[in-house]
Amino acid sequence: ILYRNEMIGTIPSELGLATEFRSLDLQINFLSGTIPTQIGLLTKMTSLNICRNKLSGSLPLQFGNLIELETLAINDNNIGTISSEIGLLQSLWFLNWFSGDIGGSIPSEVGPMYSA
């Protein structure tokens, strides 16, 4: 958990080497740039919170590899688009993507993720 540490800079691509990570909380920092594609190597991760930073771009296609991911919070950034690969995240039950610059449309693959 590295939230509220006033971290400045980008998310390092070397993060992909931490393949045993199950949870990563980088919320409320000053992280900027794009989300590295290497994050897709963290296939055991169940929770990712990168909200309230200054991240931009779009979610990498490699997010589709995070098949164990249950919660994803990316709100209050400038994440422009979510690719259809998000539909591969069959364990995902919580997606927080409000606020910030949202470009494009929500992929239709998100719809089937909800069940009452």
Side-chain angles (χ1 to χ4, degrees):
I1 297 178
L2 298 171
Y3 75 95
R4 288 190 181 204
N5 275 323
E6 298 184 12
M7 293 171 32
I8 298 171
T10 60
I11 298 174
S13 60
E14 292 80 9
L15 184 64
L17 299 173
T19 56
E20 297 298 315
F21 271 16
R22 302 228 184 252
S23 179
L24 181 60
D25 189 344
L26 297 172
Q27 69 175 309
I28 313 173
N29 281 292
F30 301 100
L31 298 172
S32 60
T34 59
I35 301 168
T37 59
Q38 292 83 352
I39 206 156
L41 299 172
L42 306 178
T43 57
K44 295 181 181 179
M45 188 168 356
T46 60
S47 177
L48 176 60
N49 189 337
I50 53 176
C51 70
R52 298 181 69 186
N53 280 287
K54 299 179 184 304
L55 298 169
S56 59
S58 57
L59 288 183
L61 298 177
Q62 291 79 359
F63 254 76
N65 298 334
L66 304 178
I67 58 173
E68 300 293 325
L69 196 65
E70 297 174 353
T71 64
L72 175 59
I74 57 175
N75 55 292
D76 292 316
N77 282 291
N78 290 313
I79 306 297
T81 58
I82 292 182
S83 67
S84 61
E85 277 71 22
I86 199 158
L88 299 172
L89 307 180
Q90 296 183 4
S91 298
L92 190 67
W93 61 269
F94 179 82
L95 172 61
N96 190 345
W97 183 38
F98 73 88
S99 192
D101 291 334
I102 298 172
S105 58
I106 297 173
S108 61
E109 289 80 3
V110 172
M113 300 169 104
Y114 176 80
S115 63

Verdict with supporting geometry, Ile74 and Asn96, side chain to side chain contact (heavy atoms under 4.5 Å, CB included): CA-CA 6 Å; Ile74 57 175; Asn96 190 345; over 6 Å; no
Is a side-chain N or O of Asn75 found less than 3.5 angstrom from the main chain of Cys51, in a donor-acceptor match? no
Heavy atoms of Pro36 and Pro60 approach each other most closely as O-CG, 3.9 Å
Side chain proximity check, Leu15 to Phe21, heavy atoms < 4.5 angstrom: yes
Flag side-chain contact, heavy atom, 4.5 Å: Phe30 against Met7: no
A side-chain contact here means heavy atoms from C-beta on lying under 4.5 Å apart; do Phe63 and Glu85 qualify? no
Linked, directly or transitively: Leu89 and Met45 (ILVMFWY side chains, under 4.5 Å): yes
Find out if a path of hydrophobic residues (ILVMFWY) with successive side-chain heavy-atom gaps under 4.5 Å connects Trp97 to Leu69. yes
Is there a donor-acceptor pair under 3.5 Å between the side chain of Asp76 and the backbone N or O of Arg52? no
Are the side chains of Leu72 and Asn49 in touch, meaning some heavy atoms are under 4.5 Å apart? no
Residues Asn29, Ile8; criterion side chain to side chain contact (heavy atoms under 4.5 Å, CB included); working and verdict: CA-CA 7 Å; Asn29 281 292; Ile8 298 171; over 6 Å; no
Below 4.5 Å, heavy atoms only, C-beta onward: do Lys44 and Arg22 meet side chain to side chain? yes
Test log, rule side chain to side chain contact (heavy atoms under 4.5 Å, CB included), inputs Leu55 and Asn78: CA-CA 6 Å; Leu55 298 169; Asn78 290 313; over 6 Å; no
Hey, is the main chain of Ile67 close enough, under 3.5 Å, to the side chain of Asn65 for a donor-acceptor pair? no
Is it the case that one hydrophobic cluster holds both Leu92 and Ile35, taking links as side-chain heavy atoms less than 4.5 Å apart, direct or via other members? yes
What about Ile28 and Leu31, same hydrophobic cluster or not, with Ile/Leu/Val/Met/Phe/Trp/Tyr joined at side-chain heavy-atom distances under 4.5 Å? no
Side chain to side chain contact (heavy atoms under 4.5 Å, CB included) between Thr71 and Leu48, intermediate numbers included: CA-CA 6 Å; Thr71 64; Leu48 176 60; over 6 Å; no
Can you tell me how far the CG atom of Leu66 sits from the CG atom of Leu41, to the nearest 0.5 Å? 9.0 Å
Assigning hydrophobic clusters by single linkage (Ile, Leu, Val, Met, Phe, Trp, Tyr; side-chain heavy-atom cutoff under 4.5 Å), is Leu24 placed with Ile79? yes
Output the distance between atom CD (Gln90) and atom CD (Glu68), rounded to the nearest 0.5 Å. 10.5 Å
